[in-house]
Every structure is written in structure tokens, then in C-alpha cells.
Amino acid sequence: MDCLKAMMQVASHFRTRICIEPAVRSLAETHWIAGELVRRTGIGLALDYSHFVCLGYTQEQIDTLVPYAKHIHQRQARPGHLQAAFDRGTINFPALFGKLRDSGYRRALAVEFIRQLFANDRPDDVRTEAVLMRDRFNGWATGFPDGSL
């Protein structure tokens, strides 16, 4: 933690922010540890729900990290699978978008897919998955409660 605090000190002299992405097989692979790192050091999060969902955490548990999010990665996932087909995952994106809005998040949302075999991901047809994500967000943003169009 001392090194993160030192990095925060250096960053304070520039127009930059130090963030970490809690991930599968990282020091911060639980929502609790990631939250503690943020609270103790002041760093921000590049928050990707899929890493926590893959490890079996609930969306409500992950939601506790939203106030610390400085960047968001999006992809569908389910327990045991870091990446899943949109219709086979468990992340409720309309609820996630609402949580971000309610927390005051006003930054970009990045759609991130991996094309390698890792944690039972699904590396095929990422183009279709990206379009489905876009459409889900656009549906939510235009007032359809479930995010559909």
C-alpha cells in the first residue's frame, strides 16, 4: 500500500489519476480487498464486473465499488466464465447503468472483450456481442426499463 500512496503523491502534481483494475488472479480479486485498497490509498478503480462475477460475487456486492470507479469495462460474464454470450451471462446491465448514473458517474463506458482462452471465456463473435452491448445501453438510455429497444 505504501507504493500506491507514493504513486498517488506523484500523481497529485499532474492532471492524472492512478487507478487499478481488480482482476481474476490479482491482489485485488475480491470486492472487499479492492474496496479496502481504495479507502486506504485513495486510488481509483477501472471497474470490470466480469472479473468479480467470474469468481462468484453477486452484482450487489460489486455495486459497492461503483463510487470509486473512474473507468468502466463492460462485457457479459457468469460464474466460472470471465466472458459469456450476452444472453447467457448474469450481469444485469440496465441495473448497472442505473447504478452508475445514480452514483454520478459521467465518464466513458468501454466495451472490452478478450480473444484468448482464459477463465472459460468465449472468444468468438465479439462483434455481435459489442452490438448487443451498444443496443442494451441505447435502449436503457432512451427509457426502456429493461434496456431493450
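Applying the salt bridge (Lys or Arg N to Asp or Glu O under 4.0 Å) test to every pair with at least one member in residues 66-95, sequence neighbours left out, gives these pairs: D48-R75, R75-E112. Among residues at least two apart or in separate chains, there is no salt bridge (Lys or Arg N to Asp or Glu O under 4.0 Å) pair with a member in residues 90-103.
Taking 4.5 Å as the limit, some side-chain heavy atom of P79 sits within range of a side-chain heavy atom of V53. Between F137 and F97 the shortest side-chain heavy-atom distance falls below 4.5 Å. At least one side-chain heavy atom of P94 sits under 4.5 Å from a side-chain heavy atom of R136. Side-chain contact between F52 and T58: absent, with no pair of heavy atoms (C-beta onward) separated by less than 4.5 Å. With contacts defined as side-chain heavy-atom distances shorter than 4.5 Å, the pair T128/F86 does not qualify. For the pair R107 and I72, the minimum side-chain heavy-atom distance is 4.5 Å or more. For the pair L109 and L100, the minimum side-chain heavy-atom distance is below 4.5 Å.
Shown here are the ring pair (Phe, Tyr, Trp, His ring centres under 6.0 Å) partners of Y57, two or more places apart in sequence or in another chain: H31.
Using a distance-only test at 3.5 Å, with no hydrogens or angles considered, a donor-acceptor pair links the side chain of T142 to the main chain of N138. Proximity of a side-chain donor or acceptor of E36 to a complementary backbone N or O of W32 within less than 3.5 Å is not detected.
Shortest non-hydrogen contact noted between I43 and L37 is CG1-O, 4.2 Å. Heavy atoms only, all atoms of each residue included: Q59 and A95 are closest at NE2-CB, 4.1 Å. The shortest non-hydrogen separation linking P22 to A28 is CB-O, 3.0 Å. Residues L65 and A34 share a closest heavy-atom pair of CD1-CB, 4.2 Å.
Interatomic distance, R127 CZ to L132 CG, rounded to the nearest 0.5 Å: 13.0 Å. The line from CG of L47 to CD1 of I62 is 7.5 Å long, rounded to the nearest 0.5 Å. Within the model, atoms SG of C19 and OH of Y68 stand 14.0 Å from one another, a figure rounded to the nearest 0.5 Å. One distance of note links CD of Q83 with SG of C54; it measures 10.5 Å at 0.5 Å rounding. Here CZ of R134 is found 13.0 Å from CD of E129. Values are rounded to the nearest 0.5 Å.
Hydrophobic cluster membership differs between F93 and V131, with clusters built from Ile, Leu, Val, Met, Phe, Trp and Tyr side chains linked at under 4.5 angstrom.
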Working note: Y49 + V66, criterion side-chain contact (heavy atoms from CB on, under 4.5 Å); need CA distance, chi angles, decisive distance, verdict. CA-CA 10 Å; Y49 274 56; V66 167; 3.1 Å; yes

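In this structure, H71 and H73 have perpendicular ring planes: the angle between them is above 60°, well past the 30° mark.
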